[in-house]
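Below, chains carry the letters A, B, ... as their sequence lines are ordered, and counting in each starts from 1. Because the structure is predicted, anything quoted here is derived from the model rather than measured. Below, each value reflects all heavy atoms present in this structure, side chains not excepted, and no hydrogens, waters or symmetry copies.
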Amino acid sequence: MTASGIGWYGVALAIIGGALRVSTPYLFVSLGEVLTEKSGRVNLGLEGILLMGAMTGFAVGSLSGSPWLGVLAAGGAGALLGLLHAGICNLPRVNDIAVGIALFLFGMGLAFYLGKPFIAPRAAMLPALQLGAWSNEPAVRAALEISPLFLIGIALAIALRWGLANTRWGLVLRMAGESADAARALGYSVNAIRTLATMCGGFLGGIGGAFLSLYYPGNWNEGLSSGQGLMAIALVIFARWNPLRCLWASLLFGGASALGPALQTVGVTSGYYLYSAAPYVLTLALLVYSSSTRHTLAGAPSELSISR
Amino acid sequence: MRSGELYSSTRRDVLIRGANLVAAGALLGPLGSLARAADAKPIKVGFLYSASRDDYGFNQSFAVAAKRIAKMPGVSVEEQERVPETAQCERVMESMIQVDGCKGIVATSFGYWPFVLKLAAKYPDVLFIHGGALWKDGDPKNAIGYRGYMEEPHYLCGIAAGRMTKTGKLGFIGSKPLYFIFNNCNGFVLGARSVRPDATCRVVITGDWDNPVKEAQAVNALADQGVDVIIADVDGPKVSIETAERRGIYSCGYHTDLSALAPKGFLTGAEWNWAKAGDFIHAWQTGGKYPNLLRGGFKDGMVAISPFGKAVPENVRQEVLKAQQGFVDDTLKLYKGPLKDNEGKQVLAAGQTVSNTDNDYKVNVKWLVEGAIGETGLK
C-alpha cells in the first residue's frame, strides 16, 4: 500500500495486467475450438463447456482441497460434453451447429443446477508465479502475477501450431477437415478423428472454465462466464484457425476488457458502455473485414458446415 | 424441519386452541400478553429469490431476514430460488398461494413488482411484500413496498474508509448508473471526507448487475492507481472483496455481512435489514395496521452495518457508531450545505439541509459530490 499516483502509466499497467489475467480462458477455449474445427466440425457449445468446467473445477477443488485436481476434473467434464457433441454429430444428417447450441444451453443449465451448493463455499485458488518480484511497485508486481495455466496455454499454442503443420496426426486431422473423402480413401475413420478432436477441444474448454473459477476472478457463480465461451469461438475465425494467432487475439481481447474499468479509475468515465463493448466491436469489425462473397475465409477448413 | 409442520392442525383445532387460550388469558390476567401472541393466526410465507440465496449479496440479505421471520410465533416460511423476473414468477407465486396455502408472499426482486400488483388484486386475502418501494396510491392495499436508505450505512463505511486509508484514495464500484447507486457513492465519499477532507474516490461503473470478471478488473485497476479501500455496489460483491483482500487493500461490504471473505482487510459494510417484513406479517396475522410504502434508514431500523473487521481500531469503531446514533436521532444529515458537486457547482448553500427522508430529492440526484472522480452520465 504505497502512495503512488501513477495515473496513465497505471492505466497501461491495468490493461497489460488485464490482458495477462483475462486472456487465459479465451486462449484455452479458442485452442480447443481450433482443434475441433480443423477436424471439420464446429462446436458452438463451448460456452456451456466453459461453465461446466468452471463449476466442476470449483466443486472438485473445494471438496478435495486441491485446485489442480479441480483443473483435471474440469477438463474431464469438458471432454465428456465434447464426446456428447461428437456422438450426436456422428449420427447421419445431424447439424453440428444446432447440436452446439443445444449443448451450450444444456451445459449452462447443468452447471447452474449442479453448481447450486457451491456458490457459498470457497476453494483454494491456483498458485501464481510472481514474475514481477523484481519491481517494488505493487501495481507492476500485481500485473505480472502470472498463472501457470497461462504459460501452459502459450506452450500449447506453439505446440499445436507446430503439430498441425509438421506431424502425422496433424496432417490426418487437417485432412478430415479439408476432405473427408480423402481421409476415408486412406482408411481413416472420419467420425473417430472428429470425435477425438471434439473431446480434446472440450477438455481445453473445461480447463479454461477452471481458470475462471479457480484463479481469476476465482469464484463460482452464475454470471461467471458472461459470454466468454461464445467470444472465443468468434476469436477462432478472427485468428484464422491459427493457434499462434489465437494467442495474440486472446491477449487483445483480454486487454480490451480491462480498458473500460482502467479508464474510469483515472476519471475518463463518459462512454463506459462503449469501452465495455470494445471486444465485441473488434470481433464484428474483423468478421466484416474478412468476409467475402466470392471465396471462403482464408484458412477455414473446407468441410466446415459454415464454409460449405 | 419446517416450523410449518407444527401448525398443520385443522382450522377447528386452531379455533378451539385459540378459544382456550383466550379463556385462559382472561382467567390468568397477567398472562394476557401470552394469549395475544398466540392470537396471531398461523401463517405461511413464501419467499422468492431471483438467484441463489447464499450469493453473498442481495438475495442473501433477504434470506437472512427469512430465517429471522421463520422464528416468529405462528409463522412458517418456504423459499424458492432462481425465479426469473418474468411470467414465471407469477406462476411460482400462484402455486405458493394455491398449492402450499401461503397467505404471505415476499417478492424480493425489483422486477417482480408488476406481477405482484396483478396477483395482489386477484388474491385480496394474501399479503404481498416487495423489496422495492414502488407502491403508490391506488395500488392494492394488500401490497407493501419497502426499502432502506442505503446511503446512510455507506456514509458510515466512508468514515471507516476515511480513517483507515493511507493514500487518501478510495474506490467505488457501481453496477448500473442509477440514482440509488449514486446516492450510495455520495454517502460513501461524504462520510470519508467528514473525517479526511482531502480524500478522493474513483468511481467505476461496470454496467452489469453481475459481472465477476469486470468487477475483478475494476478492483485491480483501482489498486493499480493506489486506491487502498474499495466498496462494491454490485449484486454479489464476493469477487470484489476477495480480489481486494488478495491485493492487500481494505474493503467494505454491501447487502449483507461479508466479513468472512476478507479476514484481514474487511472494515465494515452497508447492510439491508429486511426483517422489517416480520412486522408487516405480524400485523397481517393479527389484523393490525401496516404501511403500504415504507422507506427508512437507521431511524426506522431498515439498514445496518456489518460487524467491524479486526483491522478497525476501537476509536474508529466508536466514531462510526456515534455517526450511526446521529442518524438514529436524526441529528446527522447526509446532504447538508455548503455542498459542491465534483464539477465545482454549488448544490446546497451553507445552512441548507436535505431531510434524510426526502426521497424525492434523492431520486433526482444526478451528480457526484466533490471528491468523487467520475461522472454519473445522467444529466
Which of the residues [options] is involved in the greatest number of heavy-atom pairs with chain A at under 4.5 angstrom?
| options | value |
| --- | --- |
| B:Asp210, B:Thr243, B:Val204, B:Val219 | B:Val204 |
| B:Thr165, B:Asn211, B:Ile173, B:Thr206 | B:Asn211 |
| B:Gly374, B:Gly171, B:Gly168, B:Pro177 | B:Pro177 |

Using every non-hydrogen atom in the two residues, find where [X] and [Y] come nearest and quote the distance to one decimal.
| X | Y | result |
| --- | --- | --- |
| B:Ala221 | A:Ala262 | CB-CA, 3.9 Å |
| B:Arg82 | A:Phe112 | NH2-CD1, 3.6 Å |
| A:Ala139 | B:Arg247 | CA-NH2, 3.9 Å |

Go through the atoms of B:Ala372 and report whether side chain, backbone, both or neither lie under 4.5 Å from a heavy atom of chain A.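 Contact with chain A involves no heavy atom of B:Ala372 at all.
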
What part of B:Glu81 gets closer than 4.5 Å to chain A, counting heavy atoms only: side chain, backbone, both or neither?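 Only the side chain of B:Glu81 comes within 4.5 Å of chain A.
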
[atom1]/[X]: more than 12 non-hydrogen atoms of other groups inside 6.0 Å:
| X | atom1 | result |
| --- | --- | --- |
| B:Lys176 | NZ | yes |
| B:Trp209 | CH2 | yes |
| B:Phe180 | CZ | yes |

So, do [X] and [Y] sit near enough that their side-chain heavy atoms are less than 4.5 Å apart?
| X | Y | answer |
| --- | --- | --- |
| A:Asn221 | B:Lys238 | no |
| B:Ser52 | A:Ile119 | yes |
| B:Val239 | A:Tyr216 | no |
| A:Leu212 | B:Val213 | yes |
| A:Val11 | B:Gln225 | yes |
| B:Asn220 | A:Arg21 | yes |
| A:Arg122 | B:Leu261 | yes |
| A:Lys116 | B:Asp54 | yes |

Side-chain donor-acceptor contact under 3.5 Å, A:Ser257 with B:Gln217: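 The answer is yes; a qualifying pair exists.
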
Go through the side-chain N and O atoms of B:Asp224 and A:Tyr9 and say whether any donor and acceptor fall under 3.5 Å apart.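 Per modelled atom types, B:Asp224 and A:Tyr9 side chains form no pair under 3.5 Å.
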
Which one wins on heavy-atom pair count under 4.5 Å against chain B: A:Leu263, A:Val266, A:Thr265, A:Asn219?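 Greatest number of close heavy-atom pairs with chain B: A:Thr265.
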
Is the backbone of B:Ala51 close enough, under 3.5 Å, to the side chain of A:Glu222 for a donor and an acceptor to pair up by distance?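 Answer holds: no.
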
Need one label for A:Pro117: side chain, backbone, both or neither, based on atoms under 4.5 Å from any heavy atom in chain B.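 Interface part for A:Pro117: neither.
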
Please look at A:Glu145 and chain B and tell me whether the side chain, the backbone, both or neither of the residue comes under 4.5 angstrom of a heavy atom of that chain.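 For A:Glu145, neither part sits under 4.5 Å from chain B.
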
